Structures are given as C-alpha cells and as structure tokens.
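The structure under discussion appears below in the form of structure tokens.
Note that the structure is predicted; figures quoted are calculated from it, not measured. All chains are named by letter (A, B, ...) in the order of the sequence lines, taking the proteins before the strands, and each is independently numbered beginning at 1.
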2 protein chains.
Amino acid sequence: MAGGRKFMTKSGIEIAKFLDKRESFASAQEIFLGLRAEGRNFGLATIYRALQSLTSTGEVDVLRRSDGEALYRKCGEDHHHHLICKGCGKTIEIEGVSVEEWAHTIAERHGFREIQHSAEIFGICPDCFTQAEPKRR
Amino acid sequence: MAGGRKFMTKSGIEIAKFLDKRESFASAQEIFLGLRAEGRNFGLATIYRALQSLTSTGEVDVLRRSDGEALYRKCGEDHHHHLICKGCGKTIEIEGVSVEEWAHTIAERHGFREIQHSAEIFGICPDCFTQAEPKRR
DNA sequence: AGCCATAGTGAGAATGATTATCAAAGTCAT
DNA sequence: ATGACTTTGATAATCATTCTCACTATGGCT
C-alpha cells in the first residue's frame, strides 16, 4: 500500500533533497525562497508540481497551518503522526498505536468505512520554552 | 478554560443560528449562499467577521478541507473530536480519552509545553455507503 | 549529427478564499 | 434629536495556488 518510488523529474529530485535537509515543515513559498537563496531558481509552478507529485506518492507529508497555508515535510513512509513546535516549527515524527485503535473503534461503532484519520500535536519545545524568544517568525 | 458567552452582534446571532441547524461543516461561502437562499442577505465580510468571533470564543469549530478552505460547525463547547463523512459531510462529535492521554504522554516525553492537538476521523457513513451516490457534491 | 515526439519548465495570468477599507447606516444613553 | 461609537457591506486588495502556453530539454532513431 505504501506508494513505491515513482518516477521523478530532475527538479523534483532537487526539491525533495531540499526538504530532506529540513527538520521542520515548510510552505511552498518558503521552499521557493530557500532554493532561490541557494542559487537554484525554480519557478513556483515547478515547485507546486513537484510537491503535488511527492505528496501523491506519500514521500512528503502535508498539513495545513491555521491560516490555511499548506506545509510540506519529507518523512518516513510508514504511517505516523507529528509533534510540532509552535515556536520554531521543529517536527518530530511520532507513532500512535492508541490513536489508530481509537479511530478504528469509533469508525466501526458508527458503521463508517474507508477510514482515514489525522492527528497532530502542537506545543512549545524545550528549546523555545527556555529561550523566551522563538527561533522563527 | 471554556470561553464563556461573549457579546455577539445581531448578524452574528443569526449566523450562529444558521449553523445550529446544520449537522455538517459548512464553508463561509456555503453559509453566505445558504443565508441568501433564506432571504437573509449578509455581506461576505459580515459572515467572516462573525465566524472569527464565534471561533475565538470556542462556540464554533473550524477545520480545513484538504484544499485549504475553512469549514465551520456549531459544536458542544467541551473538548471533542469529529467523525466526518467524506460523502455527505455529516459530522458526529466523538470523545477521545485515549487521544488526550496519548497527546499528553507524547508531549511530556519530549518536554513540550502548552500542548494542543487535533484529531479527526474521515470515512464513508452507512447512508452514503449503501446509496452508491453521495448526497453532496 | 540531425530530427521528431514528448515531457518538463517557468513567467505571468487567472482563480478563489480571506482580509482590509471606509463611507453609510444603526444603536443608544443622554 | 445629538453626538460617540459600533456594525455593516460593497468593493478593492492580498495571497496562496493553479492554469496557460510558448519555449526548452531529453531520448530515441536513423
């Protein structure tokens, strides 16, 4: 079920590499600017295209910031959830067996099929908590 | 912690009532059109303002559709999660003690503070499953 | 090498939700 | 009714994302 390696264009590979180096979620615009800062000038359209492709194969995870902007991150391919720092954006992949069970149980109780679920935890990481000042924004 | 009743404008009250009658999440645009269909012509700006106010007091829940559009729903004021039908949008409020515990445990293990979490379950409800054809869209 | 077919790129336009403006209309205690 | 203040809503402005389309790179094939 885990999408296997799919064909990826040259720019797609570079964009994936860029995400590999980050430990936090990044918006398409941040990726665009980040690559530009490295001298790699991709068009926004290319970035969005690559991101779509990467998310469709499951190589990249997406989630929505509260303002609706999409954030992307390169992750392990197996199912997992995230613990995200509201200060610096640092993201930790976590497992959630109890969440899986919970979703399954609830869904069954109500007769729902084709279940998916989302579960993320947000908070302030120890670094940001001690430094009164968050690293980002 | 649960935000108490806050002052609400006249239109805000009408918009809240409109949401009261729905059992599924609605976008701002849907609310706009729905009210208009009832002969209540509010400006979009007014709808968005009321929605902001309602969500800030916790009277209305927000979540993001996969395309990033915000969806609103009048809910019980105590903390809960949602089971949402991907077919008709029908939404059921559910509790998730195990999720709360999970979030708390994980956060503590990593030293995170000021924890929040989100957890929703999506699936096809029994009605939509039997009728091959979903009610909405 | 030269040539075609096809996929990939990117500047800029188009879309669409949300937010900001701001003048006009409503509210209310005096 | 008067003035101080709030609410409203038509419209313009933002901003992320998607679409267009001419142009370029690529890969086979001779």
Has A:Thr46 got a side-chain N or O lying under 4.0 Å from the OP1 or OP2 atom of C:dG10?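 Yes, because at least one side-chain N or O of A:Thr46 sits under 4.0 Å from OP1 or OP2 of C:dG10.
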
Is there a side-chain contact between A:Lys10 and the phosphate of D:dT26, meaning an N or O under 4.0 Å from OP1 or OP2?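 So the side-chain polar atoms of A:Lys10 do come within 4.0 Å of the phosphate oxygens OP1 or OP2 of D:dT26, strictly under.
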
Calculate the interatomic distance between [X] atom [atom1] and [N] atom [atom2]; express it in whole Å.
X       : N      : atom1 : atom2 : result
A:Ile47 : C:dG8  : CD1   : P     : 16 Å
A:Arg65 : C:dA17 : CZ    : C1'   : 16 Å
B:Arg36 : D:dA10 : CZ    : C1'   : 11 Å
B:Leu63 : C:dA17 : CG    : C1'   : 16 Å
B:Met8  : D:dT6  : CE    : C1'   : 14 Å
A:Ile15 : C:dG10 : CD1   : P     : 9 Å
A:Glu14 : C:dG10 : CD    : P     : 10 Å
A:Phe42 : D:dA25 : CZ    : P     : 14 Å

I'd like to know if [X] and [Y] make a salt bridge, using a cut-off of under 4.0 Å between side-chain N and carboxylate O.
X       : Y       : result
B:Asp61 : B:Arg73 : no
A:Lys21 : A:Glu38 : yes
B:Glu59 : B:Lys74 : no

Below 30° counts as parallel, above 60° as perpendicular, anything between as tilted: where do the rings of A:His79 and A:His117 land?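 It falls in the perpendicular class, over 60°.
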
Check whether the ring centres of A:His82 and A:Phe122 lie less than 6.0 Å apart, and answer yes or no.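 No, the ring centres sit 6.0 Å or more apart.
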
Atom pairs, protein N/O to nucleotides 16-24 of chain D N/O, distance under 3.5 Å:
| unit_1 | atom_1 | unit_2 | atom_2 | d |
| --- | --- | --- | --- | --- |
| D:dT17 | OP1 | A:Ala70 | N | 2.9 |
| D:dT17 | OP2 | A:Tyr48 | OH | 2.6 |
| D:dT17 | O5' | A:Tyr48 | OH | 3.4 |

Partners meeting ring-ring contact (aromatic ring centres under 6.0 Å, His included) with B:His110 (sequence neighbours left out):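 ring-ring contact (aromatic ring centres under 6.0 Å, His included) check on B:His110 returns nothing, list empty.
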
